[in-house]
Amino acid sequence: MSTEASKKAFEEAQGLIPGGVDSPVRAFKSVGGTPLFIQEGQGGYLIDIDGNKYVDYVQSWGPLIFGHRDESIENAIIDAVKHGLSFGAPTLAETELAKLVVELFDSIDKVRFVSSGTEAVMSAIRLARGYTGRDDIVKFTGCYHGHSDSLLVEAGSGAATFGNPSSPGVPADFTKHTLLAEYNNIESVKKCFADSSNIACVIIEPIAGNMGLVPADKEFLHELRELCDANGALLIFDEVMSGFRATLRGAESITGVTPDIVTLGKVIGGGMPVGAFGARAEIMAKLSPEGPVYQAGTLSGNPVAMAAGYAALTKLKQNSRVIDVLNSRAARLVEGMQTAAKECGITMQIDTRGSMFGFFFNENPVKNFHDATQSDAKLFAKFHAGMLQEGYYFACSLYETGFISTATTDTMIEETISASARVFKEITNG
Ligand code: HOZ
């Protein structure tokens, strides 16, 4: 398989764009090799500019639950484009998408649309601070909530991939208000509350996807809720990644824990740039222009993006069993790979939530970021390179989650498992 065109394109891009990419994790740095430049997507497949075809387990890092070029989403976009790209004024499309979100999430009475997950979370934190009149926030090591200043502290995703989970350029004065706790460890949260009586909110990915896939224990989330209530702090569920992927009605519907604010992204835009944050009316009333907490955006609620998101969520709602079907397929995928690995003496930890899947080359269960860092990164890099050669495109970092779409067929899954068996044999023989 030749990737010459991608190599050349990467060289040129590196001279013009830092690292040749517009988002660090895409650079393939932790797995080696050259990032593939993509020509097009077709359902469950990606085709690179050398003409190689891959089964796509990244799906644009989550948004494409119906795969590439889903007909109904594509048609909705084309239709919206014909009416104009952007107005900077309200459209009916925003209200329609808002209705869907409010209907699906019990905890949300009102929602505001923005253009990215980072923006959604940054705004949600400001809202929590404005609502409580407090400054401190608690976040968990290994959780990633976008790249805004106060959240880029011990973060997962690309930040963890490159070993700089806290970034230069973020003043210490900003991050002194960010208290850190350990995922799935309630004692560490209690300590934060003991250390500060000024905590506005605790923010968590209830299904962490940015240190690999590491779901929170139910009891832990219940205890977190109780601690927040006892201390007058808000609980924010960051579901930018897990929203509409792990389950249709949010982590709250499968954990029984109701957050105060939810942040959304990825699937909610159907592949277009959309983020959102929502909460009960009393909290959202603090947001400008109803209240004093300021937040704004020229392209917020963009009509083309709203149309794509509405088409995606409508299709999901109409086919509500889809997430269960995808969960069985995702489970078959990781179980099959785990068995293939075991036959070669390799231990894999696996998990799925809906159409999200995760695996670690690790002897022990992974419950937090520290556990994740104990995984075999070299083996992951070899596995990634081997699978790419076989025509399977997995996330190029062990600190990311895998995604399947409705276009990922059972046959594709079985073929992936067989390919993984070949790759494991090659790795262990070589
Ligand atoms: N932080 C994103 C996934 N967790 C990566 C996005 C991208 O590089 O496109």
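Counting convention: from 1, in listed order, for ligands and their atoms alike. Every heavy atom of this structure was used, including side-chain atoms; hydrogens, water molecules and symmetry mates were not. Note that the structure is a prediction, hence the values are computed from the model and not measured.
Residue contact check: Ser23 has heavy atoms under 4.0 Å from atoms 6 (C), 7 (C), 8 (O) of ligand 1. Counting atoms of ligand 1 from 1 in the listed order, those under 4.0 Å from a heavy atom of Glu400 are 3 (C), 4 (N). Close approach of ligand 1 to Val25 (heavy-atom distance below 4.0 Å) involves ligand atoms 5 (C), 8 (O). With ligand atoms numbered from 1 in the order given, ligand 1 contributes 4 (N) to contacts under 4.0 Å with heavy atoms of Met241.
Residue contacts with ligand 1 for Asn210 involve side-chain atoms from C-beta outward but no N, CA, C or O (heavy atoms, distance under 4.0 Å).
Note: Phe360 and Phe380 fail the aromatic proximity criterion, with ring centroids not under 6.0 Å apart.
Looking only at protein heavy atoms, the nearest one to atom 2 (C) of ligand 1 is Ser157 OG, 3.8 Å.
Residue pairs meeting the ring-ring contact (aromatic ring centres under 6.0 Å, His included) criterion with at least one partner in residues 96-119, sequence neighbours excluded, are Phe105-Phe244.
Using modelled atom types, one finds a donor on one side chain and an acceptor on the other under 3.5 Å when comparing Thr416 with Tyr57.
Ligand 1 has no N or O atom lying under 3.5 Å from any N or O atom of Lys266, backbone or side chain.
In this structure, Tyr183 and Phe220 have tilted ring planes: the angle between them lies in the 30° to 60° band.
Ion pair Asp260/Arg225 flagged as a salt bridge, since at least one NZ, NE, NH1 or NH2 atom sits closer than 4.0 Å to an Asp/Glu carboxylate oxygen.
Partners of Phe237 under the ring pair (Phe, Tyr, Trp, His ring centres under 6.0 Å) rule, at least two apart in sequence or in another chain, do not exist in this structure.
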